[in-house]
Amino acid sequence: MAIEWVEIAKLSSKIGEKVQIKGWLWNKRFSGKIGFLQLRDGSGFIQGIIEKALIGEEIFENAKKTKYESSVIVEGTVRKDERSPIGVEISVENYEIISEPETDYPISNKDHGIDFLMEQRHLWLRSRRQYNILAVRSEIIKAVREFYYSKGFTLIDTPIFTGSIGESAGNTFEMEYFDYGKVYLAQTGQLYLEAAAMSFGKVFNLGPTFRAEKSKTRRHLIEFWMNEAEVAFYQHEDNIKLQEELVEYVVQSVLKNAKDHLISLERDISKLENIKAPFPRITYTDAIKKLQEKGYEITWGEDIGAEHETEIASWFDRPVVVEKYPKDMKAFYMQPDPENPDVVLCDDMLAPEGYGEIIGASERIWDKETLIKRLTESNLDPEEYKWYLELREFGSVPHSGFGMGIERVVAWLCGLKHIREAIPFPRTLYRVYP
RNA sequence: UCCGGCUUAGCUCAGCGGUAGAGCGGAUGGCUGUUAACCAUUAGGUCGGGGGUUCGAAUCCCUCAGCCGGAGCCA
């Protein structure tokens, strides 16, 4: 009878049994007649103990010479061992190489520069740290979807190719679309979600977004994944509550389902455990006042810069909701505050520990004339927004929504210094390879 | 795009006007409990490209390129 192929993650329930594992050799150490094979198979990592006396000279020497990242099949007996970080080891009884590299694997356990690693991104994904980060990302996205489905939302996939319609002009990727003329890569799916919300009530999307901004910071990617939600009849307060519930759900789900990955990443878990709604709130106006008191040179009407954002976030140990920004610095579609027409019913959620904005949100203008007025004031052509304006003609209702940057959430929860590690293949200002 | 910085062995870096260095990785050998294993031996370089200053340049100056960090914009 063939030996059972078992994933490394499931080996702790196979103690004393003879099993087969299929994976890769990511490191090895030899000490005379005993060797330690560091194996991984995608489900986890384990150490294989190989002894010359047990396995014979030929296989032992073969194992000793195997290059890093060779793919191998190992058979052996699972053993409980206190010295193993996962509590079990495998005593190797058979060792077979499936494919051995001809040249040495370029990534070592020592330090590498970021440019070198990004050039090797297709291989770097195998490294333990990257493996843990992307596993957390997967868990985050799963939690986002679970959240919306559990709340009765409908998934609406918004288009990647769009006409000249978006939040603002000037930062879109432009391309020829057969004889139609110019089209643009989506910088937001919001306008389409607004249309769908008038059919389904509660809708969300989750997909890639493109911004042709020459951004060169630790918080920006050219291609990034965004989750947007839009709800008919929701107003400013309902909107904030939804965001808080979403973020709490995502954080708590990741803590529950991906804790081991966070620990491997040496993330301070205690900073995430208290992420429970409701979150602290501050208006833009109060934030400016407080910044001024702290000695910052900023006046009402000026945008909150990265430095200010970090300062505001440092006042709290949970994400903070900054609401009601001046209308002139925000997108055309945001609903003016009835109590103060100089500000709009919007909010940004800033993650703690300097991670900055993770959500941008607002109540949308639902009155057609106000919307046309704001479009014109923003130097946008109402003609281009024909279908969007029609939504305000047929049974228009107050509605609200927001967008959450997936990579920013990944960076925050994993404690990353730079967002480029939060996506499998980052597209940055000067890199589209691999 | 703007402001800084970096570019020396496969990788990470030291050297900063007078014969090109280390650690890791590679190769060879040793070691039966290693955790970035260790010990010994060894191979490996047009010092990013071009120009200049100098008796002499990896080192000083100019220029180009690539990359990194930060700003703005935003998720």
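Letters A, B, ... are given to chains in the order of the sequence lines, protein chains preceding strands, and every chain is numbered from 1. Just so it is clear, the structure is predicted and the values come from calculations on it, not from any experiment.
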Taking atom types as they are modelled, is there a donor-acceptor pair under 3.5 Å from the base of [N] to the side chain of [X]?
| X | N | value |
| --- | --- | --- |
| A:E307 | B:G72 | no |
| A:S215 | B:C73 | yes |
| A:R408 | B:C74 | yes |
| A:Q47 | B:U34 | yes |

Can you tell me the distance, in whole Å, between the [atom1] atom of [X] and the [atom2] atom of [N]?
| X | N | atom1 | atom2 | value |
| --- | --- | --- | --- | --- |
| A:W412 | B:A75 | CH2 | P | 17 Å |
| A:W26 | B:A36 | CH2 | P | 8 Å |
| A:E228 | B:C74 | CD | C1' | 13 Å |
| A:K216 | B:G70 | NZ | P | 8 Å |
| A:K33 | B:U32 | NZ | P | 5 Å |
| A:K64 | B:A27 | NZ | P | 12 Å |

Going by the rule salt bridge (Lys or Arg N to Asp or Glu O under 4.0 Å), which residues pair with [X] if we only count those two or more places apart in sequence or in a different chain?
| X | value |
| --- | --- |
| A:E311 | none |
| A:E75 | none |
| A:D347 | none |
| A:K202 | none |

Quick one: look up who [N] pairs with, Watson-Crick or G-U, both distances under 3.5 Å, and put none if it's unpaired.
| N | value |
| --- | --- |
| B:G25 | none |
| B:C74 | none |
| B:C67 | B:G5 |
| B:G44 | none |

Name every donor-acceptor pair, under 3.5 Å, that has one atom in a side chain of residues 34-41 of chain A and the other anywhere in the protein, sequence neighbours excluded.
from, atom 1, to, atom 2, distance (Å)
A:Q38, NE2, A:Q47, OE1, 2.6
A:R40, NH2, A:E69, OE1, 2.6
A:D41, OD1, A:S43, N, 2.8
A:D41, OD1, A:S43, OG, 2.8
A:D41, OD1, A:G44, N, 3.2
A:D41, OD2, A:I8, N, 2.9
A:D41, OD2, A:S43, OG, 3.4

Flag if over 12 foreign heavy atoms under 6.0 Å of CD, A:E266: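 Open: at most 12 neighbouring heavy atoms sit under 6.0 Å from CD of A:E266.
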A:K290 atom NZ, over 12 foreign heavy atoms within 6.0 Å: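 It does: A:K290 NZ has more than 12 such atoms within range.
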Just say parallel, tilted or perpendicular for the rings of A:H261 and A:Y131, cut-offs at 30° and 60°.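 Answer is perpendicular, since the angle exceeds 60°.
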Over 60° means perpendicular and under 30° means parallel, so tell me whether A:Y148 and A:F204 are parallel, tilted or perpendicular.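 The rings of A:Y148 and A:F204 lie parallel, inter-plane angle below 30°.
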Any cation-pi pair here, A:K33 with A:F60, using under 6.0 Å and within 45°?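 Ring-cation test returns no.
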On the ring face of A:F45, is A:R128 found with NZ or CZ under 6.0 Å from the centre and within 45° of the axis?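 Because its charged atom sits under 6.0 Å from the ring centre and within 45° of the axis, A:R128 does stack over A:F45.
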Neighbours of RNA chain B within residues 69-88 of chain A, by heavy-atom distance under 4.0 Å: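 The answer is A:R79, A:D81, A:R83.
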Taking only heavy atoms on the protein side, list every residue of residues 124-149 of chain A lying under 4.0 Å from any atom of RNA chain B, sorted numerically.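 The answer is none.
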Quick one: which of [options] gets closest to the side chain of [X]?
| X | options | result |
| --- | --- | --- |
| A:R219 | B:U34, B:C74, B:C31 | B:C74 |
| A:H220 | B:G69, B:C74, B:C31 | B:C74 |
| A:K214 | B:C67, B:U32, B:G72 | B:G72 |

Could you tell me which residues satisfy side-chain contact (heavy atoms from CB on, under 4.5 Å) with A:N274, sequence neighbours excluded, listed by chain and number?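 A:N274 satisfies side-chain contact (heavy atoms from CB on, under 4.5 Å) with A:D317, A:R318 only.
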Could I get the full list of side-chain contact (heavy atoms from CB on, under 4.5 Å) partners for A:P106, not counting sequence neighbours?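 Testing A:P106 for side-chain contact (heavy atoms from CB on, under 4.5 Å), a comparison that skips the adjacent residues, returns A:F116, A:Q120, A:L123.
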[atom1]-based separation of [M] from [N] [nearest Å]:
| N | M | atom1 | answer |
| --- | --- | --- | --- |
| B:U8 | B:C67 | P | 15 Å |
| B:U32 | B:A37 | C1' | 14 Å |
| B:C16 | B:C60 | C1' | 10 Å |
| B:A22 | B:U41 | P | 12 Å |

Once you apply a heavy-atom cut-off of 4.0 Å, does [X] come out as touching a base, just sugar-phosphate, or nothing?
| X | answer |
| --- | --- |
| A:T209 | nothing |
| A:E119 | nothing |
| A:L221 | base |
| A:I359 | sugar-phosphate |
| A:G356 | nothing |
| A:N227 | nothing |
| A:E89 | base |
| A:A306 | sugar-phosphate |

Can you tell me which residue pairs pass the salt bridge (charged side-chain N to carboxylate O under 4.0 Å, His left out) test with a partner in residues 87-101 of chain A, sequence neighbours excluded?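 Only A:K18-A:E93, A:R79-A:E89 qualify under salt bridge (charged side-chain N to carboxylate O under 4.0 Å, His left out).
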On RNA chain B, compare the nucleotides closest to A:R431 and A:I406; which residue's is nearer the 5' end?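 Final value for this comparison: A:R431.
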Does A:I114 or A:D348 map to a spot on RNA chain B nearer the 5' end, using the closest nucleotide for each?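 Taking each residue's closest nucleotide, the earlier one in sequence belongs to A:I114.
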Does OP1 or OP2 of B:G69 have a side-chain N or O of A:R420 closer than 4.0 Å?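 The answer is yes; a side-chain N or O of A:R420 sits under 4.0 Å from OP1 or OP2.
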Check: protein-nucleotides 37-41 of chain B nitrogen or oxygen pairs below 3.5 Å:
from, atom 1, to, atom 2, distance (Å)
B:A37, OP2, A:N27, ND2, 3.1
B:A37, OP2, A:R29, NH1, 2.2
B:A37, O5', A:R29, NH1, 3.4
B:A37, N6, A:F30, O, 2.5

Identify whether the distance between the nearest side-chain nitrogen and carboxylate oxygen of A:E237 and A:R281 falls below 4.0 Å.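 Between A:R281 and A:E237 there is a salt bridge, with a charged N closer than 4.0 Å to a carboxylate O.
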Interface polar pairs with nucleotides 7-11 of chain B, N/O, under 3.5 angstrom:
from, atom 1, to, atom 2, distance (Å)
B:C11, O2', A:D111, O, 3.2
B:C11, O2', A:H112, ND1, 2.5

Report the residue from A:K327, A:K330, A:K324 that forms a salt bridge (Lys or Arg N to Asp or Glu O under 4.0 Å) with A:D337.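 In the set A:K327, A:K330, A:K324, the residue that makes a salt bridge (Lys or Arg N to Asp or Glu O under 4.0 Å) with A:D337 is A:K324.
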Side chains of A:E363 and A:Y234: do they bring a donor and an acceptor to under 3.5 Å?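 Note: A:E363 and A:Y234 side chains miss the donor-acceptor criterion.
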Centroid under 5.5 Å and tilt under 30°, A:F36 to B:G33: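 Given the distance and angle limits, no, they do not stack.
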